[in-house]
Each structure stands twice: as C-alpha cells, then as structure tokens.
Amino acid sequence: MMMQASPMSRKDSTLLEIDSVQFAAAIIYADEADGYAELEIMRLGKKSGSVSFKYETRDGSALAGEKFVHSEGYLTLEAGISGFDLRIDLVKQKTWSPSLEFTVELSEPDGCKLGRNLRICRIKLINPYVFPSVKYGDLVKTKEGVNSISGPGLFWEYTKLMVNSGHGVLWRICLTLLLDQLSNLYLLYTLLAVVYLVNHVLADGSSDDESLIFPCDPEMTAYLIGLMYVVPCVFTFAWEAGKFAIDLEGSVKMRLQGFMFRKYLNFDEESRSKIQGTELQEFIHNSTGRLAMGFVGLVGLGQLAGKLALLFYFMVSHNPGAVWALGVMPGIVILWVGFRETFFEVPEEPVKPRAKLNALVAETNQCYRLIASYFQRPRMNDLFHTKALHLRNTIEEFDGFETNTQSVFEFLGPGFIGAFIAFNVTHVLSGAMSLGSFVATINVLKEVNKLTLDAFEKVRQVTKQFTPLRKYTNFLNMNTELRNLKQVQDTRKIQTGQKRRTLRKTLSNVMLPVGTFVVDKIPLVLKDVSFRYGDDFPLLMEGRNLSVEQGKLVTIIGMNSQASAHTLMKLIGGEVFPTEGSMFIPSHLRVLWVTRLPFVLHLPIFDNLVFGGQTTDDSKPERVVKIVDALNIPRVRKMLEDELAGNGREDWLEQITESDIQKIHIARALIMNPEVMVMHRPLVGLEDNERANLTELLREHVTNRGTFVDPDLRNFRRPRTLFVSSSQPLGQSDVDITWHIYDSKTVIVKDHGLISISDNISSRSVGS
C-alpha cells in the first residue's frame, strides 16, 4: 500500500532549498478588550537571503469596520530574520457579541514558498462582555442573579443590543416604524372625511357652497372623497405585503439563533453537560422565536403611539372636550396590566410541560430498543398520556386566564361610547357641537378602544417573553473554553519560540536532512501533568512526565486503567486541560482528536469525508476515493462515485452499516492529514484483516507524512505524529513507541526494544 517515491525533479529539489513562510498557528484567540490580535509569522529554512510576501485580512463572521480594521501589505524579512509578529487592530466595542472570526492570508511569495496548511490563519475573537449588556454586571452570570433582575429592565437591554446588532436589523426597524404610520394617516383621513362629508357635502344648501372641493357640486366632491377612501388602501396593502419581504421578526430570530449556536459550539465541557439536546432544540426553535416576537411587539407599540398622537391631534382640533378619554382609556389598561395579578392567581405557563413532553418523545426515540426489549411499551404510553394531559390542562388554564383578564376591554369601549352619546347629544341638538364632529368622535372612541386592546396584546407579547429571556441570558453567559484555549496557545507559542531558539544554537553546526527544519526537532512533552475531573474526583493522572519526538507512531495501552489511558489521550488531543503541570505541543502543529464513537453528519458523503479540510490539496476527490477504497467500503465508494458525478442521494445514510460509518469516521481523519493525530481505539470492532489493513494505513500516514499523498513531496510536509490507544499491543514493526498505562503514576515506555519506567520511578532496562 505504501507509495514509492520517484527520483526528485530539479524543480522540487530547488523548492526544498528555499525557505518556507507560514503562520505559527492555524488559529489564534484574541481578546477584544486588548484592541489587537497578534499573529506570529515563522520563517523556516536557512534564512540566507531576504524574502517577501503579501498579507491581507479577509472577512468571516467578523466584518472589517465592525470588529477589526482591514489590513494588507507586503512584508520583507531580511537575511537571518526568522519571523515577524503581525498586529491586526480590533474595533473596540463595550457590547456583547458571540465569538466571531476572520482570517489573514499570505500570498505572492518572493524568494520563498508558503506553508501548505498554514498560509491562512483564523483569528477567533473572545468577547469579554456579558449578555445583554454590562449594566447588570456579574448578576447575569448566575441563574439566581438573572432572576433578581426586573423583567422590563432586562428586556430593554436586550432590545438595545438587538437594535445595534447589525445585519440589517436597524434599517428594518426604522422602515417599519415609518411605514406603519401609513395606516394611521389613512385613519386620520377617514375621520376628517367624515366631518367634511357630514358638515359640508351632506349639509343643507351644499349645492350653493362655494367652499367645496368642487364648488357648488357636492356630488363630484363626494365622488372624490370616495375615491380617496380606496386609493390609499393600495399603499397600505403594499406595505403589509412588503413586511413579509422585510421580515423583521425572522431577521431577529435568525440573529438570536446564530448567537445561541455559536455560543454552544464554544462551550466548555461543563457547560455542554448542563444542556440536553432537547433543551438546545427548544431554545433554537421556540425560545428564539418568542424573543423575536416580543421584540417585534415592542416595535409595534411605535405604530400605536403614532395612532394615539394622531387621534389626540384630531380631538384637540374638533372636540377638545373629549380629549380626556384618550388618556383615561389607556390609563385603565396600564393599571389593569400592572395590578391584574393582584386579583387573579397566575397559572403556570405551558413552557415546562411542553418541554417535558418533548424530552419524553426524544428519549423514547433514542431508547426504543431498551423499551421494547424490556416489554415496557405500556408504561411509556402511560407516561406519555400523563404528560400530554398535564400539558393540555396547563394550556387550558393559562388560556382561560388570558381570556378572562381581557374581558374588561369588552366593556371599556361601549361604556365610553355610551357615556359620550348620552352626555353630548344635547350639544349637537343645540348646535354647540357639529354633527360631523359628534359622529367622528364616536369613531375615535372606537379606535381608542381598539388601540387599548392592541396595546394590551403588544405589552403581553413583550412581558410573556421575560421568562424565556432569562433562560436565554443564562445560556449566553455560560462558560466557554476559549480562554483556556487562548492560555494554552499563548503558552505553546512562547515555549515553541524558546525551544526553537535553543535548538538553532544546539544544531548550528549540524547538517539537517533536506526538507527538515529545526522546528521538526521539537518534541511533544507532558511535564508534571496531573488531572482530575473535579475536586470531588480522584486523580486519574499524577505528576506524569512523558516526551515523544515528532514523526512517531505511539500506541497507548491501558493495562489496569482504561480511564487513565483515555484521559491521557484526551489531554494530548486538547479535549481537556491539565489540572496541574503542562502539555506542550509546538504551536504550528495541527492537532486532531478522533473519538472512539463514530460521527457522521446529514451532509453529502464527500462533505462528510473532507469535513476537516475542504480547501487543501489533501481533499482532492482522487485521493478521497483511494482512501475509501483502501478502507474497503464498497457501498460508500459506489454512492460517492454517483455523488461526484452529480447523482447523489439524500438517503445515503440509510443504506450503510455501522461498520461503514466507523470507517468513514477514520477516513475523514486520514483525509484531513493533520501533523498530530490522536485516535481513541480505532481498531475496536474490526475483523483481523481490517485491523491489519488499517494498521498499515496508519503506518503510511506517519512514514509518508500522509496517506495516499505524493511521496516525492514528502519533505515539503511536516512530520506526522500519531497516538493510537488500543486494548492490545500492535506489531513491533508497525509502531515506534508503546506506552503501557498501569495507574495514575506509572507508565512503562517501550521504544525499539528498550523499556523504561517513567515519572517518579527509577529507569531500568527490560528485554523486549
């Protein structure tokens, strides 16, 4: 299976002789509070002449001008200069945002070549502020603190954040507030038209009235007024249709969903453990929709405020004596909203019962085989009936409460209108009030009553979201792993620089092989590493010291402690961090942790296979097909060929076996081709011939610095280091080093026939 190298061309040999320029890490973490991101550019090679290249920032989820200052230019490194620290300025904002990122790309090399995988660096921004604003400080970091904050205050801070969140939210709000007044202007026109029609057009002697729109022609004037009743409806209807295209609510919901999803992807292990899958789905689909609805409800109050202002203008102009009704009716609504819970017991909202029912359905789907095997279908049906009945009763009680507390408005409008008619009809008969003003005022009171109902609904639309907003706030202020990753990366960057300088001095008179750089000689080191999952848990690792050179295949075998071996793998893979001590891997090496449990996504087969590196030469279809062939997945191979030919099928996951999924999981890692790969028990469940086949592929990955890659270009690639955990030793010819894990302290290291006991136990030689 190993690919044989052909004689190297003069061009390739020349390329190996020139320096290589690349970033010191594939991804860096920058704190927005610092105001800048610093990227280290490494120069690998003899450094005998000057080299130059271009750098340029590229937008990602973080946009230039909003999160960072666009920067581009050319850099020249003179002879003897081994690197450069490039600083990109960040835009300082004291507002919360999810962790966004952008990239910096190197191009146009002159006198050098660019690193294959590190010519692009991702900058991940760490936002130091809390959601929704800094107003409430650390209160929003705990559930108790969030619950102590007033609902209106928290919602107002959330509203301000969304208004300034970008992505078109602000202009949608402004356009909505402006064009929502069209219906209010139309209402004002109808009121004025009623007064004009009754007092002038339909009045006795109107045929002699020179002040009509059409002098002395009430019929034509009425035609025009009637036409003007219809024409504005075209514009109001067009705006109502346009609202669907603008979709303010959908835009806000998408922003909230994006905030939540980005945050979840950066959670640390503890935060992830607190959120169940059904809870996340509830947040994404329902909570964000409710919060967006509440936001739009608040914006909708702007239309009602405009309506109230125009009605006030009309009343002042035509019936000042009834202006008091415009204040009293909304005032009653405010008092009722504020004190109704004093008179009525507020029932439970159906949010929790609905979530519990959804959780039961999801759990039943996940654990169906357990339920069926233990003959517990009736029990699950009873549980479902109980929870569904509770949800139905909760909905009925809550909806009944809402209906009963709104019944006051059914009498509010008719009561005011009846009182107005009773007390003002004498003014009309006496001529103190015109008939037109009288009729129009009745319409105004109807509109005010409708306005109070609409305002009540909008206010309820807002206040009902206080509970989901508190939960959403708790979610967005949970801890992430970004600061730990930044600390680890900063330490590795410093240590890599120190070790690189030390090795340059040590190896100054040593002729390194062609294509080998000083950084390739930096070992991976665990120093005094201890680890436990929490203060109440025992140490799984204590004071451990281990070291391995780059370019080795290391097997890790848990002799008496599989948990300790698994923990060691997770530490190397960067899944967990040492409780004490340090785990050092040179900063420029990409590390991939490959879990025992296989994962595939609901994406096309090719996208699943190249998930780790779609923009590199490692992801070319020809190479992908070869790796699939080598792992002997004929069903996947056939469907992959069809997919590449444009005939892919959406149900491909239903056509493959669990063994196929495991092999896709392994193929994905080999295709990515990282410098450091940590594979947890990849051989479990495979037949003997499949184990031997995979072991050969893993050996090729290390020896040839990649599987099914051009052996002629081996020296252009950095060494590959592979850690494989296994329940039993692999063949001596297949591995370079074996670590036997006995307990939290003891590791026996076997390297080419020499065994030594690491950590605090004295070394001794043992036969192989």
Side-chain angles (χ1 to χ4, degrees), residues 27-38 57-71 88-104 121-141 145-146 149 153-173 248 250-268 271-272 275 280 283-284 287-288 291-292 294-295 468-486:
I27 179 171
I28 70 155
Y29 304 88
D31 194 324
E32 291 184 34
D34 293 338
Y36 65 90
E38 191 169 83
T57 58
R58 303 279 189 186
D59 284 352
S61 54
L63 304 178
E66 293 184 6
K67 283 293 183 180
F68 67 95
V69 179
H70 176 74
S71 180
I88 305 297
D89 290 330
L90 305 179
V91 177
K92 285 191 174 182
Q93 297 173 326
K94 291 188 177 181
T95 56
W96 180 90
S97 71
S99 296
L100 307 177
E101 58 183 67
F102 63 99
T103 60
V104 180
C121 180
R122 292 165 51 200
I123 295 90
K124 197 168 189 69
L125 302 177
I126 302 175
N127 184 275
Y129 307 108
V130 291
F131 176 92
S133 76
V134 298
K135 178 178 180 179
Y136 298 108
D138 291 340
L139 276 179
V140 296
K141 293 184 179 180
V146 172
I149 300 172
L154 188 64
F155 197 90
W156 181 244
E157 294 303 314
Y158 151 72
T159 300
K160 291 193 296 183
L161 176 69
M162 293 310 301
V163 168
N164 296 299
S165 66
H167 291 260
V169 172
L170 181 58
W171 72 259
R172 284 180 170 88
I173 293 172
L248 175 61
S251 177
V252 172
K253 182 178 179 179
M254 279 194 63
R255 292 290 287 155
L256 294 170
Q257 289 174 327
F259 290 167
M260 179 166 284
F261 200 68
R262 286 184 183 279
K263 184 74 176 188
Y264 180 78
L265 290 175
N266 293 310
F267 272 176
D268 60 18
S271 296
R272 278 195 300 271
I275 301 295
L280 183 61
F283 274 128
I284 291 289
S287 295
T288 55
L291 291 178
F295 181 85
L469 178 58
R470 287 191 169 96
K471 293 181 178 180
Y472 190 81
T473 301
N474 284 324
F475 186 100
L476 290 187
N477 289 313
M478 293 175 74
N479 292 330
T480 70
E481 61 183 0
L482 296 181
R483 293 208 175 274
N484 282 335
L485 292 173
K486 175 175 169 54

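Positions are given from 1 along the sequence.
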Do the non-hydrogen side-chain atoms of L256 and F295 ever get within less than 4.5 Å of each other?
no

In the structure I gave you, are the side-chain heavy atoms of V146 and Y136 within less than 4.5 Å of one another anywhere?
no

Between OH on residue Y264 and CZ on residue F283, distance to nearest 0.5 Å:
12.0 Å

Rounded to the nearest 0.5 Å, the CG atom of D34 sits from the CG atom of D89 at a distance of 12.0 Å

Any chance you could measure N479, atom CG, to N266, atom CG, to the nearest 0.5 Å?
12.5 Å

What is the distance from atom OG1 of T95 to atom CG of N127, rounded to the nearest 0.5 Å?
7.0 Å

Residues V169 and S251: closest non-hydrogen pair is CG2-OG, 4.0 Å

Is I88 close to I123 at the side-chain level, that is, under 4.5 Å between some pair of heavy atoms?
no

Correct closest heavy-atom pair for V91 and F68 would be CG2-N, 3.7 Å

Residue of the set K67, K92, Q93 for which side chain to side chain donor-acceptor pair (under 3.5 Å) holds with E32
K67

Sequence neighbours excluded, which residues qualify as side chain to side chain donor-acceptor pair (under 3.5 Å) partners of T57?
H70

May I ask you to check whether over 12 heavy atoms, not counting those of R122, lie within 6.0 Å of atom CZ?
no

How about I149 and L139: do any of their side-chain heavy atoms sit closer than 4.5 Å?
yes

Tell me the salt bridge (Lys or Arg N to Asp or Glu O under 4.0 Å) pairs involving residues 253-268, sequence neighbours left out?
none

Which atoms form the tightest heavy-atom contact between L125 and A62, and what is the distance?
CD1-CB, 4.1 Å

Does K141 NZ have over 12 foreign heavy atoms under 6.0 Å away?
no

Do T480 and S271 come close enough that some side-chain heavy atom pair is under 4.5 Å?
no

Output for pair (M478 CE, F267 CZ), nearest 0.5 Å, gives 4.5 Å

Relative to the ring of Y158, is the ring of F131 parallel (under 30°), tilted (30 to 60°) or perpendicular (over 60°)?
tilted

Under 3.5 Å donor-acceptor, R172 side chain and L248 backbone:
no

Run the side-chain contact (heavy atoms from CB on, under 4.5 Å) check on D31 and R483 step by step: do they pass?
CA-CA 9 Å; D31 194 324; R483 293 208 175 274; 2.9 Å; yes

Heavy atoms, side chains only, cut-off 4.5 Å: are E66 and L100 in contact?
no

What pair of heavy atoms forms the shortest contact from M162 to V252, and how long is it?
CE-CG1, 3.9 Å

Rounded to the nearest 0.5 Å, what separates atom CG in L476 from atom OG in S97?
11.0 Å

Would you say the side-chain atoms of S99 pair up with the backbone N or O of I126, donor to acceptor, closer than 3.5 Å?
no

Evaluate side-chain contact (heavy atoms from CB on, under 4.5 Å) for V134 paired with K94, printing each intermediate quantity in order.
CA-CA 8 Å; V134 298; K94 291 188 177 181; 5.6 Å; no

Shortest non-hydrogen contact from F155 toward L469:
CA-CD2, 3.5 Å

Kindly write out the residues that satisfy salt bridge (charged side-chain N to carboxylate O under 4.0 Å, His left out) with R58, not counting sequence neighbours, or none if the list is empty.
E56, E105

In terms of heavy-atom contacts, L485 and Y29 come closest through CD1-OH, 3.4 Å

